[in-house]
Structures are given as structure tokens and as C-alpha cells.
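Some notes on the structure that comes next.
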Protein chains: 2
Amino acid sequence: MALSSLAKTDADMVRAHNRLAVLDHLRRVGVTTRKAVSEATGLSVSAASAICGTLLRSGLLQEVEEEDDRSTRRGRPGKSLALRGGAARVAALKLAVGEITGRISDYSGAPLAEARREVDISGRSGERLVALLAELAEELIGQSADGRGHPSGGRLDKVVVAVQGKTHSDLSGIVWSPALKHWNIEIAGPLSERLSADVSVLNDCSLMPEAFRWRPDFIGLDFATLFVGFGVGMGLRISGATFQGKHSSAVEFGHINHIPHGALCRCGNRGCVEAYASDYAIWRSATGSDEIPAHRIPDDAMLQLAAAARQGDEPARAAFEAAGNAIGYGLGRVFTMIDPLPIVLTGSGARAIDLLEPAIRKGITESSVDGLGADAPLVIQEDTDALVFDAGTAYALAALDGEFARSAAEATEAA
Amino acid sequence: MALSSLAKTDADMVRAHNRLAVLDHLRRVGVTTRKAVSEATGLSVSAASAICGTLLRSGLLQEVEEEDDRSTRRGRPGKSLALRGGAARVAALKLAVGEITGRISDYSGAPLAEARREVDISGRSGERLVALLAELAEELIGQSADGRGHPSGGRLDKVVVAVQGKTHSDLSGIVWSPALKHWNIEIAGPLSERLSADVSVLNDCSLMPEAFRWRPDFIGLDFATLFVGFGVGMGLRISGATFQGKHSSAVEFGHINHIPHGALCRCGNRGCVEAYASDYAIWRSATGSDEIPAHRIPDDAMLQLAAAARQGDEPARAAFEAAGNAIGYGLGRVFTMIDPLPIVLTGSGARAIDLLEPAIRKGITESSVDGLGADAPLVIQEDTDALVFDAGTAYALAALDGEFARSAAEATEAA
DNA sequence: CCATTTTTTCCGAGGCTTGGAAAAAGTCTC
DNA sequence: GAGACTTTTTCCAAGCCTCGGAAAAAATGG
């Protein structure tokens with residue numbers, strides 16, 4: 001094989017590319033017509049129509065009844081087309097400290113079922129962990145069968161596992177996670193065999209930007225997602241691609257050094273952003289300690305701490321300010337390297353944004369050239385689970401679209 | 001036009017892509033045969049042969065006499081093909097404090113002439129600056145006409161201006177440069193008119209990775225170029241693309257904050273890497289000052305300072321160590337965000353690498369997770385001018401290749 | 001000088017897109 | 001209510017590029 005720039009065969013690549021363009025357009029707008037496809041993709045009406053026909057015949061698309069009332073328009077009305085939910089099913093699973101959660105969605109992206117299990121997985125072996133994930137997935141399959149008229153026995157087509165912690169860059173498993181004791185746990189292989197579905201394992205934070213892949217207000221936009229909570233993590237979407245490192249699985253924002261020889265971090269280093277901005281860092285700072293708590297700080301404890309800070313508790317206020325300062329300097333450093341970016345904030349930090357934001361913006365001002373980025377838009381997204389599910393689902397669907405576009409294969413079942 | 005994912009027309013895109021693959025292959029290996037093109041690109045021999053024929057006819061390629069002695073091989077020998085130097089000419093100009101330099105090269109990448117002018121451009125208006133650049137380019141054209149049998153009167157096809165300082169992201173001109181007093185100087189437009197050639201203006205540091213675009217040992221490799229001298233700058237090549245910011249023109253490595261509220265930097269902020277690692281920072285640190293010198297520290301002064309440090313002068317040694325520490329922490333922060341990367345080091349720092357390296361590696365160890373990247377390969381490239389010329393030339397030629405591949409246009413002159 | 005080997009050229013076939021014409025399916029007007 | 005008008009969809013010939021195989025070309029070996 002040639003390195004990097006390859007040759008293109010007409011038959012395969014062009015067809016795949018154009019089909020993908022059509023599917024991508026549908027992901028964005030939901031419902032279209034052949035004409036609209038032509039306009040959005042730049043394809044000729046003939047080509048757009050032909051491609052839609054093929055996709056319809058292969059079961060990826062379906063004709064839907066238009067319910068619009070634009071009755072004032074003349075001419076032949078376009079037949080409305082949409083993605084056919086039944087063409088595939090994907091699952092997004094999330095593995096965090098103390099719980100495993102998941103959501104199953106159909107090919108159109110509509111959620112079919114969600115489930116949650118509180119389990120202490122820290123001591124579990126790789127096999128037990130895979131079994132737990134498989135059970136959750138099977139529970140989701142069962143739930144999604146009834147009620148919504150979706151096919152029952154069917155298997156999943158794609159599974160994404162989002163993990164708190166560092167994952168292998170080949171998407172095969174976990175290198176290390178705060179939720180686990182063991183290192184290097186292989187997930188994709190055994191889980192894939194168990195569910196007979198393709199499985200990808202990714203870091204939850206680096207995956208998050210995928211949630212906005214088809215959102216109209218984020219199209220073509222570079223931005224970062226920032227998780228501040230149990231740990232501190234970042235996801236980056238740059239020029240239409242979600243950043244995935246080759247060594248580390250993610251932008252390890254939480255472990256960018258803030259102050260040389262500074263506060264002790266879980267990773268063993270000193271002065272990381274996380275050592276100032278994570279839940280445990282804020283907690284220990286407010287309580288005057290400099291040790292790392294043995295257990296995760298509960299959410300309500302953080303809410304109480306925030307409440308105290310708002311009511312004038314000085315150590316608490318100072319702790320949040322120090323956290324914001326570390327985050328701000330971290331962002332300033334990122335902005336200096338990459339570019340000022342809009343930020344989507346989630347995690348417990350999102351619920352204390354009023355306490356953090358002034359210090360964040362001050363930190364950016366002090367650490368970026370000309371204070372560039374100090375006015376970066378900040379979007380708050382409190383529901384982290386929903387964000388991760390959206391992201392995992394989008395990732396899985398995008399991968400499926402690519403496969404479907406490449407192979408002219410028929411969908412899993414007949415129309 | 002559609003946003004992001006567009007449709008592809010068979011005629012245009014496939015042809016352009018495959019032609020570019022052929023040209024790219026030639027850039028890497030220099031001389032090939034049709035057969036070798038087929039193997040390297042994955043194209044069928046028929047297609048590869050057809051494309052080579054077209055490129056030959058359009059004057060981009062030429063048949064060359066093979067001088068190899070592989071006389072033991074049987075069968076019809078392949079006709080050797082190479083890029084035809086006369087197909088185009090490009091110039092790489094460099095604008096720095098106190099001097100303007102340039103190199104002109106032919107389409108095959110062979111250098112035809114170099115020139116250098118020492119001028120204090122700090123007070124110059126935009127018009128005068130453009131005039132100076134144009135004069136240098138015309139001098140280069142004149143020099144390249146004689147001697148090498150290249151066409152005389154011809155114009156340049158592409159000009160790249162590499163600038164110390166911040167440039168506009170649309171490649172049109174300079175936002176701010178330490179070499180100039182004025183802000184926002186438009187270059188591309190007027191210079192393009194004067195030379196009737198396409199002109200691009202880029203930051204010198206962000207351009208540098210282009211120098212390695214076709215080097216076999218760098219193919220497909222992610223790496224960073226690091227300039228340590230008058231200022232501190234970085235260029236990044238990630239997954240086959242040279243990083244170009246949308247706001248800032250480059251990875252502003254020199255202005256990534258090292259220590260909050262630290263040493264004063266030229267940019268007005270405090271604690272930037274540059275405020276510890278640049279020539280002026282090392283100089284003032286060694287001399288016990290904390291002011292920014294009004295003028296650039298001469299190269300030989302830095303060499304003397306390095307010599308003093310090597311002979312045991314404690315303040316000098318400590319200054320270089322502090323510089324290495326700041327660079328190391330900066331690299332550690334970058335590695336934590338992106339990935340550990342091989343580094344190509346140039347500038348005056350490259351000549352003092354023995355004084356810097358231990359502190360650099362210690363800094364990386366202290367600031368990256370698990371000390372990852374502390375053993376990153378370090379390549380020293382002392383000749384900064386050559387690096388920038390190589391980079392500008394490669395950038396220009398790559399752009400030309402793209403244009404030639406896209407349009408079936410004949411080359412500038414007949415074979 | 002002829003067999004063998006390797007590279008290059010030539011030619012028909014296949015696939016996908018394009019542009020225009022024809023058909024289809026509505027609204028509007030008289 | 002019928003015909004005119006408008007807009008969307010389908011159909012068909014043409015064009016481009018690639019591919020695969022056959023034929024030609026150019027050198028070595030015996």
C-alpha cells in the first residue's frame with residue numbers, strides 16, 4: 001500500500017463519498033426531498049435522485065408523509081425522505097466510577113431505551129467487566145424491542161463504550177481508569193464477540209464533541225468540550241474532526257501543568273490543572289487539607305460546598321476561585337497553542353459556573369496573548385450523561401454511515 | 001455551496017486526486033518509471049501510464065536519461081521520469097529583524113539562486129516593504145536566468161513570504177512583527193500585482209514543518225519544529241497537515257504561560273515561555289537584569305554567553321538552565337494536550353543545546369503524565385534560513401501541484 | 001537469432017456523473 | 001372543471017476515468 005496519498009478508483013470512492021454526503025445531509029436536516037439533497041450536496045438532480053433511490057432500495061431511507069402545511073406552493077410536491085430507524089441499532093455505554101449506564105438508539109438517531117446500574121466495578125476482572133457491559137446491552141435490547149414497534153430479536157450493529165480514564169488509541173480497551181484497579185483491560189474483542197457487534201472503546205471526554213457533529217449551530221465550528229468534576233478533561237473538534245491522540249487517548253487537559261511543583265495530583269505529578277480544579281481539589285482546598293481524598297466526593301457534597309461559597313464562606317469561595325484560575329490558565333494555554341475556541345462546559349463545574357467564571361476569564365486574560373479568548377462563548381450543559389450518550393451515538397452512527405456508503409450492501413432487514 | 005462534505009464529480013476530483021498522487025510520489029522519490037508510479041499509488045499500470053503521459057505532454061514531467069547501473073536486470077527497462085524544473089519557478093522570501101533574504105527554486109525543487117539584504121525595515125511603510133521584497137525577488141529572477149540554462153524573462157509562479165511575527169490567517173499580510181513598527185501591513189495583494197505571481201504570507205515558525213513534507217524519514221510522521229532564538233516559536237505537523245490557526249497564525253509556543261505572574265514578556269504578559277527561553281530572556285537573566293533589552297541580542301553575544309556558561313560562569317549556566325526548564329515545561333504541556341512528538345530544534349538555542357537539553361528533559365518529565373515524551377527524539381538543525389527556505393519552497397510547490405492537478409492546463413512554456 | 005522477461009501502450013468494458021427531455025403531480029385562473 | 005403553469009422526479013444518451021487483458025516494445029541470455 002502507498003503511504004498517505006492514495007489513488008482513487010472511480011467506482012468505489014466517488015460512490016461512497018457521494019452517498020455519505022447524502023446521508024450526512026439527512027443527519028443534519030432530518031427530512032428532505034431529492035431536490036433538496038441535490039441543492040445541499042451539489043450533486044445534479046439526476047445523481048441525487050439515483051442515490052436516494054439506491055439508499056431507499058437498500059433500506060437505509062424511507063419515504064415519510066409530509067405533514068407540512070406549505071400548501072401555497074405550486075408545482076409537484078417533493079416526496080419527503082428520512083433515515084429509516086429500523087435500518088440499524090447502536091448502543092452508547094458509559095463506564096464511570098460506581099456505575100454503568102447506557103442508551104440504545106435506532107438508525108435515525110432516536111433513543112429507544114436507557115438503563116443504569118450502580119455497581120462498584122473497581123475490583124472486577126476484565127471478564128466480569130465485559131459481562132456487566134454485555135448484560136446492560138442485552139437489557140437495553142430487551143427494553144427497546146417492545147413498545148416502539150421496533151424489531152425484537154435483532155442484534156446491535158455498533159457499540160461505543162465511553163470510559164472515564166485513558167483508553168487505547170486503537171479503540172480496543174482501557175489502559176487505566178479511576179474506576180478500576182487493574183490496568184490494560186481488553187474490552188472490544190470479547191464484548192464484540194459476545195454481542196456480535198462492532199465495539200469501540202474511547203475516552204468519555206475526548207468523545208464529547210461528537211455530540212455536536214450534526215447540530216446546525218456547530219457545523220464547521222471549532223470548539224472544545226470541557227468536563228470539570230471528578231476529574232478534568234477536554235474534547236477538541238478542530239477543522240471538522242474530533243481530535244484523537246495517538247499515544248494518550250485524549251487531550252489530557254486536566255494534567256496540563258498549571259504551576260511547577262504545585263499541588264499534588266492523582267497522577268503523581270505536581271501542579272496539574274486537575275490538582276486545583278477537580279472536585280477533590282476544591283474539596284481539600286476548602287477544608288484546608290493537602291491530601292487526596294480516598295473516595296470520590298459525592299455530588300451533593302459539592303453542591304453544599306458551592307452553596308457555602310455563595311453564602312460567603314471564605315475558604316470555599318477561595319477554593320472555587322483557585323479552581324477557576326487554574327481552568328482559566330489552562331484554557332489560555334490551549335488558546336495560545338490552538339486558537340480561542342467556544343467552550344461547552346459540563347460536569348459538577350457546570351453547576352458552579354457562577355463561582356468559577358470570573359476567575360476563569362481572568363485566568364485566560366492573564367495567560368493568552370492580548371487576552372485573546374477571554375470572551376470565548378461558554379455553553380453550559382449540565383447533563384453529562386446525555387452529552388456522552390449523544391456523543392457515543394453520533395460516533396457510532398457516523399461510523400455506520402461510512403460503512404453503508406462504502407459497501408452497497410443491503411440493510412439488515414427488509415422494508 | 002454545501003457546508004463541509006461536498007459532492008464529488010467524477011471528472012474533476014478523481015483526475016485531480018490521482019494526478020496529485022503521481023506528482024506527490026515524484027516529489028518523494030525524485031525519479032521514477034510508470035511502473036513504479038503504479039506500484040506506489042495503487043493505480044493500475046494503464047492509468048498510471050496514461051496520467052504520466054498527460055503530465056509529460058503538459059510539460060510538468062520530462063523523460064530523463066537513467067544513469068543507474070542495474071544492468072543485470074532483464075526485460076524492457078522503464079523509462080525514467082522526473083519533474084521538469086522549467087515548468088515553474090517559485091520564491092521563498094524571509095522577512096526578519098534587520099534583514100530580508102530569499103531563495104528561488106525551479107519546479108523540481110532545485111535551488112536556482114539565493115540573496116540577502118541587510119536593511120532596517122522597522123520604520124518602513126507597507127509600500128516600501130513591498131517594494132523591497134519585489135526588488136529582492138527581481139534580483140533573484142535575474143540571478144537565476146543565467147548560468148543554469150533556465151528561461152530568463154519568465155515571471156514567478158508562486159511566492160511565499162515567511163515573516164517573524166503574527167500574520168493574517170488568510171495569508172494576506174502581517175498583523176504584527178518585531179521587525180516592524182506598523183501594524184496590519186497588507187503584502188500579498190500589492191506584491192502579487194507587482195510580480196504577477198500568487199503570493200502567500202505566513203509566519204516563519206508555523207511554516208517550518210513544510211520543509212519535511214517529502215522527506216522519506218518524515219512521511220506520515222507527526223512532529224513539531226521549535227525555534228529558540230530572538231523569540232520562541234513552534235510549528236506543528238499533525239496527521240499529514242501543517243497546523244494553521246484561524247486567529248493566530250501559529251502555535252504561539254513562546255507565549256504559552258509558564259509561570260503565572262512570572263517574568264515580563266515582550267507581549268506585555270507575565271510568565272510566558274519566551275520570557276525565560278528567548279535570547280533576551282537568557283541575556284537579562286545572566287546579567288541580573290529584569291528589563292527587556294531595547295535591541296536584539298547579537299548572535300555572537302549569545303555564543304559568548306554560552307561559552308561562559310560552559311566554562312562555569314554560574315549566572316550564565318543558571319540562565320540557560322532556566323531557559324531549558326521553561327522550554328521543557330512548555331513541551332510537556334504540549335505533549336499532554338496533543339501527544340509526545342519528535343522535535344526539530346533550530347535557532348540560537350540549537351547551538352546551545354548541550355546547555356539546554358538536561359533542563360528540557362527534566363521539565364518534560366515534571367510536567368507530563370508519566371513523564372511521557374521526556375525521551376522525545378530531538379533533531380538539531382542549525383541553519384534556520386535553509387529550513388525556512390526549504391519550507392517556503394515546499395509549501396509553494398505543493399500549492400502549485402494542487403493547481404496543476406486540478407486544471408488540465410498546459411505548463412508555462414513548451415518543452 | 002530466438003526465447004524469455006519486463007515495461008509500456010492499446011482497446012473494450014464498466015461505473016458514476018451530467019445535462020436535457022419527458023413524465024408526473026400538484027396549484028392557479030378563467 | 002379544463003387547461004395553463006410550476007415544480008419535482010424519472011429516464012436516457014454522452015462523457016470521463018479507471019480497470020483488466022492483450023499486444024507491442026525493448027532489453028538480456030543462451
Would you please confirm or rule out a distance under 4.0 Å between OP1 or OP2 of [N] and any side-chain N or O of [X]?
X       : N      : value
B/Asn18 : D/dT18 : yes
A/Ser46 : C/dG19 : no
A/Ser44 : C/dG19 : no

When rounded to the nearest 0.5 angstrom, what distance separates [atom1] in [X] from [atom2] in [Y]?
X        : Y        : atom1 : atom2 : answer
A/Thr33  : A/Lys79  : OG1   : NZ    : 11.5 Å
B/Leu156 : B/Ser105 : CG    : OG    : 10.0 Å
A/Arg27  : A/Arg213 : CZ    : CZ    : 10.0 Å
B/Leu400 : B/Asp157 : CG    : CG    : 5.5 Å

Can you give me the N/O atom pairs linking the protein to nucleotides 22-26 of chain C at distances under 3.5 Å, or say none if there are none?
| unit_1 | atom_1 | unit_2 | atom_2 | d |
| --- | --- | --- | --- | --- |
| C/dA24 | O4' | A/Arg76 | NH1 | 3.4 |
| C/dA24 | N3 | A/Arg76 | NH1 | 3.4 |
| C/dA25 | N3 | A/Arg76 | N | 3.3 |

Criterion side chain to side chain contact (heavy atoms under 4.5 Å, CB included) on A/Leu83 and A/Leu23, from CA distance to verdict: CA-CA 8 Å; A/Leu83 294 163; A/Leu23 291 174; 4.0 Å; yes
[N] [atom2] sits how many Å from [X] [atom1], rounded?
X       : N      : atom1 : atom2 : answer
A/Glu39 : D/dT7  : CD    : P     : 12 Å
A/Arg34 : D/dT8  : CZ    : C1'   : 9 Å
B/Leu43 : D/dC17 : CG    : C1'   : 11 Å

With sequence neighbours excluded, residues passing salt bridge (Lys or Arg N to Asp or Glu O under 4.0 Å) with A/Asp339: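 A/Asp339 satisfies salt bridge (Lys or Arg N to Asp or Glu O under 4.0 Å) with no residue once adjacent residues are dropped.
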Charged N-O contact under 4.0 Å between B/Asp198 and B/Lys158: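 Here B/Asp198 pairs with B/Lys158 in a salt bridge, since their nearest N and O are under 4.0 Å apart.
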Nearest-nucleotide 5' precedence on DNA chain C, B/Ser49 against A/Val14: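 Result: B/Ser49.
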Non-neighbouring partners of A/Tyr107 that pass ring-ring contact (aromatic ring centres under 6.0 Å, His included), sequence neighbours left out: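 A/Tyr107 satisfies ring-ring contact (aromatic ring centres under 6.0 Å, His included) with A/Phe404 only.
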Overall bend - the helix from C/dC1-D/dG30 to C/dC30-D/dG1, comparing terminal axes fitted on five pairs, nearest 10 degrees: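 What I find for the helix from C/dC1-D/dG30 to C/dC30-D/dG1 is an axis angle of 20°.
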Anything under 3.5 Å between a protein N or O and an N or O of nucleotides 12-15 of chain C, put it in a table, one pair a line.
| unit_1 | atom_1 | unit_2 | atom_2 | d |
| --- | --- | --- | --- | --- |
| C/dG15 | N3 | A/Asp10 | OD2 | 3.4 |

Min side-chain heavy-atom separation A/Val160-A/Leu202 under 4.5 Å: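 Yes, their side chains come closer than 4.5 Å.
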Closest heavy-atom pair and its distance - B/Pro209, B/Gly235: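 So the minimum-distance heavy-atom pair works out to CG-C, 3.5 Å.
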Sequence-distant partners of B/Ser49, side-chain contact (heavy atoms from CB on, under 4.5 Å), two or more places apart: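 For B/Ser49 the side-chain contact (heavy atoms from CB on, under 4.5 Å) partners, ignoring immediate neighbours, are B/Arg34.
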Touch class at under 4.0 angstrom, heavy-atom based, for B/Ile51 against every strand present: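 Since only primed, P, OP1 and OP2 atoms lie under 4.0 Å of B/Ile51, the category is sugar-phosphate.
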